Amino acid sequence: MPDILLPIIALLSGFVLLIWSADEFTENGAKIANIFKVSPLIIGLIIFGFGTSVPEMLVSALAAMEGNTGLSIGNAIGSNIFNIALVLGISAIIAPIEVQGDIFKKEWLFLMIATLYAGLLLWDYRLDFTDGMVLLSLLILFFAYTFKQAKNKTHHEFDKLEHNVSKAQVKKTWVMLIVGLVVLVSSAKLVVWGGVEVAKVFGVSDLIIGLSVVALGTSLPELAVSIASVLKKQHAMVVGNIIGSNLFNTIAVLAIPGLIHPSDVPVEVISRDYPVMLLLTILLFVVSYKFNKKYIINRFEGFVLIGVFGLYMWQLF
């Protein structure tokens with residue numbers, strides 16, 4: 001019995017820290033957007049998208065260094081499936097999400113191109129150094145585009161602009177943003193460790209643990225940040241966070257195993273996992289962009305996304 005006590009404590013304390021850090025992270029991210037007059041969508045894409053993809057990058061790099069590229073590739077694709085089906089699904093069920101149609105179309109298009117491109121590179125069942133470099137160049141292109149967008153003043157939608165903010169306040173906001181991110185990543189790792197240990201005690205296999213607990217664990221920061229953003233009515237940040245995270249997973253996390261340890265791609269990735277990721281990326285557009293004036297992801301669509309997730313999990317197990 002003592003064997004299971006520490007993992008359970010780690011699991012529970014990890015969740016508590018995760019909730020606190022997600023709240024701090026979104027709160028300070030919104031403040032940064034206000035101070036620098038940057039669109040919340042851009043903050044969602046870059047700060048939240050990149051920040052919450054750090055666990056995936058760490059897991060991918062560590063797995064690739066150990067020669068376990070299957071875990072790296074599975075982690076990248078699995079996290080994308082979790083993000084759209086589970087994270088967006090739960091967020092929409094909590095409260096319908098308003099989407100900025102004009103900006104969303106461009107960002108989504110970039111994600112779709114990256115998804116198709118990644119599929120093309122994986123199609124020969126091999127992920128090598130050249131593939132990694134191609135994905136990395138897409139990442140540089142995306143950064144260049146996003147910073148260009150950040151300067152576009154028409155993308156701002158603030159309730160209250162903070163004009164007179166002291167340097168001390170700005171510094172404190174940045175420090176709390178970084179602290180929030182560090183705790184977010186650490187608490188996610190704590191949850192993963194606790195979950196894996198508890199699963200082992202109950203005799204669950206490594207593969208099942210990797211596909212479920214590890215993929216969920218690395219997606220927990222996205223889930224926590226999205227729920228916190230929904231509750232604060234920062235809808236642009238929710239969509240930005242998911243598109244941003246999926247972009248980083250598709251072009252940065254997937255590039256890592258190719259660059260560190262080129263190897264073959266498991267057959268199931270092409271036959272089972274990639275098609276689900278592609279379907280969900282298309283579904284993201286369908287539920288957000290309804291070819292009418294109001295772009296809202298409603299609760300019913302949230303349940304549809306959760307349904308797709310349930311079917312995928314059933315297929316895995």
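The residues of the chain are indexed from 1 along the displayed sequence. Every value quoted in this text rests on a predicted model; they were computed, and no experiment measured them.
With rounding to the nearest 0.5 Å, the separation of NZ in Lys31 from NZ in Lys172 is 6.0 Å. Rounding to the nearest 0.5 Å gives a distance of 10.0 Å between CG of Leu280 and CZ of Phe309. Here OG1 of Thr115 is found 12.0 Å from CG of Leu120. Values are rounded to the nearest 0.5 Å. Separation of atoms CG (Asp128) and CG (Leu121) is listed at 8.5 Å; rounding is to 0.5 Å. Note that the CG atom of Leu122 and the CG atom of Asp131 stand 7.5 Å from one another [nearest 0.5 Å]. Note: Leu5 CG to Ile9 CD1 = 4.0 Å, rounded to the nearest 0.5 Å.
Between the side chain of Asn75 and the backbone N or O of Glu56 there is at least one donor-acceptor pair closer than 3.5 Å. No donor-acceptor pair under 3.5 Å is formed between the side chain of Ser245 and the backbone N or O of Ile242. Not a single donor-acceptor pair under 3.5 Å links the side chain of Ser79 to the backbone N or O of Ala76. Proximity of a side-chain donor or acceptor of Trp108 to a complementary backbone N or O of Ile282 within less than 3.5 Å is not detected. Within the 3.5 Å criterion, the main-chain N or O of Ala10 finds a donor-acceptor partner in the side chain of Ser13. The closest donor-acceptor contact from the side chain of Ser229 to the backbone of Val238 lies at 3.5 Å or more, if one exists at all. Side chain of Glu197 to backbone of Gly194: no donor-acceptor contact under 3.5 angstrom is found.
Minimum heavy-atom separation, Ala95 to Val230: CB-CG1, 3.6 Å. Pairing each heavy atom of Ala255 with each of Gly132, the nearest pair is CB-O, 3.6 Å. Counting all heavy atoms, side chain and backbone alike, Ser91 lies closest to Ile97 at CB-CD1, 3.7 Å. Of all the heavy atoms in Ala114 and Thr250, the pair that sits closest is O-CG2, 3.5 Å. Residue Leu88 comes nearest to Leu284 through the heavy atom pair CD2-CD1, 3.3 Å, listed as atom of the first residue, atom of the second, then distance. The heavy-atom pair separating Met57 from Ile256 by the smallest distance is O-CD1, 3.8 Å.
The hydrophobic cluster containing Val225 does not contain Val182, counting ILVMFWY residues as joined when their side-chain heavy atoms lie under 4.5 angstrom apart, directly or transitively. Follow the hydrophobic side-chain contacts under 4.5 Å out from Leu127 and you reach Val267 in the same cluster. Val175 and Phe36 fall into different hydrophobic clusters, where Ile, Leu, Val, Met, Phe, Trp and Tyr are joined by side-chain heavy atoms under 4.5 Å apart, directly or via other members. Ile81 and Val286 end up in the same hydrophobic cluster when Ile, Leu, Val, Met, Phe, Trp and Tyr side chains are linked at under 4.5 Å. A continuous path of ILVMFWY side-chain contacts below 4.5 Å connects Leu109 to Leu283, so both sit in one hydrophobic cluster.
Side-chain contact between Ile8 and Leu12: present, with at least one pair of heavy atoms (C-beta onward) separated by less than 4.5 Å. Within the 4.5 Å cutoff, the side chain of Met313 has heavy atoms near those of the Phe82 side chain. Two residues are said to be in side-chain contact when any heavy atoms from C-beta on lie closer than 4.5 Å; His235 and Val99 fail this criterion. Side-chain contact between Leu138 and Phe142 is absent, with no heavy-atom pair separated by less than 4.5 Å. With a 4.5 Å cut-off on side-chain heavy atoms, Leu11 and Phe15 count as touching. The side-chain heavy atoms of Leu136 and Ile251, taken from C-beta on, include no pair separated by under 4.5 Å. Counting heavy atoms from C-beta on, the side chains of Pro262 and Arg126 come closer than 4.5 Å. Between Asp273 and Leu316, some side-chain heavy-atom pair lies under the 4.5 Å cut-off.
Every residue was checked against the ring-ring contact (aromatic ring centres under 6.0 Å, His included) condition with Tyr274, not counting sequence neighbours, and none meets it.
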Ser226/Asn241 under side-chain hydrogen bond (donor to acceptor under 3.5 Å, both in side chains): CA gap, chis, key distance, verdict | CA-CA 7 Å; Ser226 291; Asn241 176 26; 3.2 Å; yes

Test Leu254 against Asn249 for side-chain contact (heavy atoms from CB on, under 4.5 Å), laying out the working first.
-> CA-CA 6 Å; Leu254 208 53; Asn249 290 342; over 6 Å; no

Passes side-chain contact (heavy atoms from CB on, under 4.5 Å), Val87 versus Ile227? Steps please.
-> CA-CA 8 Å; Val87 176; Ile227 290 172; over 6 Å; no

Apply side-chain contact (heavy atoms from CB on, under 4.5 Å) to Leu216 and Leu86, showing your working.
-> CA-CA 9 Å; Leu216 175 65; Leu86 191 71; 3.7 Å; yes

Test log, rule side-chain contact (heavy atoms from CB on, under 4.5 Å), inputs Ile35 and Thr173 | CA-CA 10 Å; Ile35 293 164; Thr173 305; 4.3 Å; yes

For Ser166 and Gln169, run side-chain hydrogen bond (donor to acceptor under 3.5 Å, both in side chains): C-alpha distance rounded to whole Å, both residues' side-chain angles, the deciding distance at 0.1 Å, then the answer.
-> CA-CA 5 Å; Ser166 68; Gln169 275 176 288; 3.2 Å; yes

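Within the 6.0 Å centre-distance limit, the rings of Phe248 and Phe143 are counted as a close aromatic pair.
For residues 217-246, the set of pairs meeting the salt bridge (Lys or Arg N to Asp or Glu O under 4.0 Å) definition, not counting sequence neighbours, comprises Asp23-Lys232, Glu27-Lys232.
No option in Ile178, Val179, Leu177 other than Leu177 meets the side chain to side chain contact (heavy atoms under 4.5 Å, CB included) test with Phe25.
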